[in-house]
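In what follows, chains carry the letters A, B, and so on, assigned in the order in which the sequence lines appear, proteins first and then strands, with residues in each chain numbered from 1. The basis for the numbers below is simple: all heavy atoms, side chains too, and nothing from hydrogens, waters or symmetry mates.
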2 protein chains.
Amino acid sequence: MSSTRRAETFPANTPAASQIFTTVLSHGPLTRLEVARRAGLSPAAVTKAVRPLIEAGYLVEDADEPARPALGRPANPVRVDGGRALFIGVKVTGDEIIGVLTDLCCRIRVARHAPLPDRDPKGVLASVAELTGELLTAAGDLGVPVLGLGIAVSGDVDRGAGVVRYSPFLEWREVPLAELAAATTGLPVTVDNDVRALTVAEQWFGAGVGLSDFAVVTVGAGIGCGLVVHGRVVAGAQGVAGEIGHVTVDPAGPPCHCGNRGCVEAIAGDAAIVRRIRETTGVEVTDTAAAVELAHQGDTGAREAYARAGEAIGRGIATVANLLGPERVIISGEGLAAHDLFAEQIREAFTAAAFGSAAQCDLQTRPLPFEEWARGAAATAIQSFIRADQQQ
Amino acid sequence: MSSTRRAETFPANTPAASQIFTTVLSHGPLTRLEVARRAGLSPAAVTKAVRPLIEAGYLVEDADEPARPALGRPANPVRVDGGRALFIGVKVTGDEIIGVLTDLCCRIRVARHAPLPDRDPKGVLASVAELTGELLTAAGDLGVPVLGLGIAVSGDVDRGAGVVRYSPFLEWREVPLAELAAATTGLPVTVDNDVRALTVAEQWFGAGVGLSDFAVVTVGAGIGCGLVVHGRVVAGAQGVAGEIGHVTVDPAGPPCHCGNRGCVEAIAGDAAIVRRIRETTGVEVTDTAAAVELAHQGDTGAREAYARAGEAIGRGIATVANLLGPERVIISGEGLAAHDLFAEQIREAFTAAAFGSAAQCDLQTRPLPFEEWARGAAATAIQSFIRADQQQ
DNA sequence: ACTCTTAATTTCCGCCGTCAATAAAAGAAG
DNA sequence: CTTCTTTTATTGACGGCGGAAATTAAGAGT
């Protein structure tokens, strides 16, 4: 496993081919004509681009003909053969790593997690290698090649360079993770920020499909935000963007570890909610689960803490909507376990603080199973595989 | 003038040609090799694209050879011949219209303004036609054709459709201004939101040249913001974006006409500052000029009002920086007359509220002469002329 | 005069994507 | 059963864009 095996490459050199494939990938089975229409190309171009993709096994003609609605030659839709290739996505948190094996359509086949005994690059790399090894074995049993590995890390990540610039959780600076992981696993590696990875998954396989402007807001220990503008994920000039967690909601609010007061995260982050409940109720809740339970029991102080959190989140989302005018905001995150406790407040605060037509922005809530972060990492690997060099 | 004259079109059909021209336009005289490098094209492609542009008179070989630094065949830089074509930009405010005649390099040749007696579409159209007529006469004296008219209006504008969706100041809804103005002036017309127009001017001819991610913040009666992400001006899904003026800075702050409290505009807008000074000092200041003077005289209350305003603006800018990670923020606007009164607070509040590497964002201040808004409108006309159909 | 160096141009070529015509695959009509 | 209609897919010719490499251009130094 120490040698980099000859990586299989995707047979789509031209921008049109890669765009056509992406269209089919995101929009399920489509006839060639429909693909041409959506991609703004001629039918001839689609036919020509599709052939090599079918020959290589990445696309298949959909055998089952679901609807035979109309006159004329029957349509012959094509779809991506998810089983053609597998990808591995790994999310590294402060104390564990989560890995998934997905197919080309980013459907999870196997999910694993393991504790993270050691946070320094060497230790993390060993854990990643072990987990990847397990998943590779599982892939081998399926007889399908694994064509890429995506790693998601919170913090400041330069995806293009494959370098973790700064990760507070891991206490890393300038770690060339892609290079290191490629050397140990022999796979092509993509490294990206975790929220951006999740955003990529939504853009290609989730609620962001077909939208050129949307945002993903994650609610949990921290409050994160991934942005898609002009059809591309926003990375920011310094590699950091979407810091909604430290948008000030109330300058008189509780102090935040960032040094300010009343950041969204200082009100609606897990720790902030728990602290607030302790302070107002005197009950010694220690973690989020206990906080949620207390609120569900009807405790006024706990409910109020969640209401405040919801309001802060709603205001944060309204800020995003005011500034960018996205078509949709997808709210997700572990914090959604408490969804019923603040959904209403989020919506209310958003509506109140959204200015003008920004209020027309569609708010969607999506559950976030714990493997979802790792799935996002896999999505970045799929993306890198499909458009090896070219952008968007 | 009632018939639409045969519009001259720009001889650059291919994306490469238009990109090459834009590069030369923004980056002054460049040798063909340098253009090729910057545009990511081969020198051959540049030579081929440049020739018809020179023949049509849009580009010229720079006669004066400024530096002859090196060995080898002397470089033969090309630049845009600003005098080849003229454009008109018009900014419509609530009570006057401002018009400029610019050359192809967006340098102002003539500036005029006129009161706006009537705000309904018909009246505005008449005023625009009259002002345009004057500028066309001036252009005729120069013997240079006018190839486009840009109109900037505050509010919700659909540039592609040429329709003003909603303008609170003018009390317009769904006015097809581009079509109407084209019919009366006979010129190709571009209509855009005023802040976005200003942003286009900065992107092509100002402090945003060469940057793919930056923001323009305007300080004046209102607080506005134009955003460029991935090299393109953000328009938002509903045609509205950059509403920094109604980002909440302090939920306990003064009420805003939008229905919330403590919006940036409710603290740092002209009217808000004047009101604040009246309330805290008791002095009956009536307008911004008086407020500035009072502050410059050292009045504590007035100075404090400006300090608060600066803090609010700084926080607003930090929010933009946190969310988008722009490379630069350009602060401009009529409010900069009071620049010395709050520049420091803007910077301090920004630094305090910017999270992590967002603080590395470059803050620049630019004066905003009153014709600048109209110049922005002219910039949109130039942009439309250069890339008639294709995007970016 | 010759060489060295860098800029610009020319020529040729590959290749992508469109156009327009054609084939394919049904059901409908007679 | 044949022919027509309708819609999808394919084919082949064509045009044009942009790149690679060779060539020309225009000096400076020796």
Novice: In whole Å, what is the span from the CG atom of B:Leu59 to the P atom of C:dA8?
Specialist: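 From B:Leu59 CG to C:dA8 P: 13 Å.
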Novice: I need the CG-P distance between A:Asp62 and D:dT8, as an integer number of Å.
Specialist: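 So the CG-P distance, A:Asp62 to D:dT8, works out to 16 Å.
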Novice: To the nearest 0.5 Å, how far apart are OG in A:Ser42 and CG in A:Leu33?
Specialist: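 Taking OG in A:Ser42 and CG in A:Leu33, the distance rounds to 10.0 Å.
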Novice: Taking salt bridge (charged side-chain N to carboxylate O under 4.0 Å, His left out) as the definition, give me every residue that meets it alongside B:Glu327, ordered by chain and number, with sequence neighbours left out.
Specialist: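 Result, salt bridge (charged side-chain N to carboxylate O under 4.0 Å, His left out) vs B:Glu327: none returned.
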Novice: Would you confirm whether B:Thr199, through its side chain, and B:Val216, through its main-chain N or O, come within 3.5 Å as a donor-acceptor pair?
Specialist: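 Absent.
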Novice: Atom CD of A:Glu61 to atom C1' of D:dT10: distance rounded to whole Å?
Specialist: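 Distance check: A:Glu61 CD to D:dT10 C1' gives 12 Å.
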Novice: Can you list everything that forms a salt bridge (charged side-chain N to carboxylate O under 4.0 Å, His left out) with A:Asp158? Sequence neighbours excluded, please.
Specialist: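 A:Asp158 satisfies salt bridge (charged side-chain N to carboxylate O under 4.0 Å, His left out) with A:Arg165 once adjacent residues are dropped.
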Novice: Using atom names, set out every protein N or O paired with an N or O of nucleotides 3-5 of chain C below 3.5 Å, distance rounded to 0.1 Å.
Specialist:
residue	atom	partner	partner atom	Å
C:dT5	O2	B:Gly72	N	3.3

Novice: Does a salt bridge link A:Arg51 with A:Glu55, judged by any charged N lying under 4.0 Å from a carboxylate O?
Specialist: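 Salt bridge flag = no for A:Glu55 with A:Arg51.
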Novice: Of the residues in residues 42-54 of chain A, which ones touch DNA chain C at a heavy-atom distance under 4.0 Å?
Specialist: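 Of all residues in residues 42-54 of chain A, the ones placing a heavy atom under 4.0 Å from DNA chain C are A:Ser42, A:Ala44, A:Ala45, A:Lys48.
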Novice: Among residues at least two apart in sequence or on other chains, which ones pass side-chain hydrogen bond (donor to acceptor under 3.5 Å, both in side chains) with B:Thr380?
Specialist: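 Once residues adjacent in sequence are excluded, B:Thr380 has no partner under the side-chain hydrogen bond (donor to acceptor under 3.5 Å, both in side chains) criterion.
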Novice: Can any side-chain N or O of B:Arg32 pair as donor or acceptor with the backbone N or O of B:Pro43 at less than 3.5 Å?
Specialist: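 No, B:Arg32 side chain to B:Pro43 backbone: no donor-acceptor pair under 3.5 Å.
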Novice: Rounded to whole Å, how long is the line connecting atom CG of A:Leu41 with atom P of D:dA9?
Specialist: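 The distance from CG of A:Leu41 to P of D:dA9 comes to 15 Å, rounded to the nearest Å.
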Novice: Atom CD1 of A:Ile20 and atom P of C:dC16: how far apart are they, to the nearest Å?
Specialist: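 Distance, rounded to whole Å: 12 Å.
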Novice: How many Å lie between CG on B:Leu30 and C1' on C:dA7, as a whole number?
Specialist: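 About 14 Å, once rounded to whole Å.
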Novice: Just the rounded figure in Å: distance from C1' of D:dT10 to CG of A:Leu33.
Specialist: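 The answer, rounded to whole Å, is 12 Å.
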Novice: If the condition is ring pair (Phe, Tyr, Trp, His ring centres under 6.0 Å), which residues does A:Phe21 pass it with, not counting sequence neighbours?
Specialist: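 A:Phe21 satisfies ring pair (Phe, Tyr, Trp, His ring centres under 6.0 Å) with A:Phe10 once adjacent residues are dropped.
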Novice: At under 4.0 Å, does any side-chain N or O of B:Thr14 touch on OP1 or OP2 of D:dG16?
Specialist: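 No, because none of the side-chain N or O atoms of B:Thr14 sits under 4.0 Å from OP1 or OP2 of D:dG16.
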Novice: Roughly how many Å is it from CD in A:Glu34 to C1' in D:dA9, rounded to a whole number?
Specialist: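 Rounding to the nearest Å, CD of A:Glu34 and C1' of D:dA9 are 15 Å apart.
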Novice: Using heavy-atom distances to pick each residue's nearest nucleotide on DNA chain C, tell me which of A:Ala16 and B:Arg32 is more 5'.
Specialist: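 With B:Arg32 and A:Ala16 compared, the 5'-side residue is B:Arg32.
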Novice: Decide, yes or no, whether a salt bridge links A:Arg84 with A:Glu8 under the criterion of side-chain N to carboxylate O below 4.0 Å.
Specialist: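 The answer is yes: the pair qualifies as a salt bridge.
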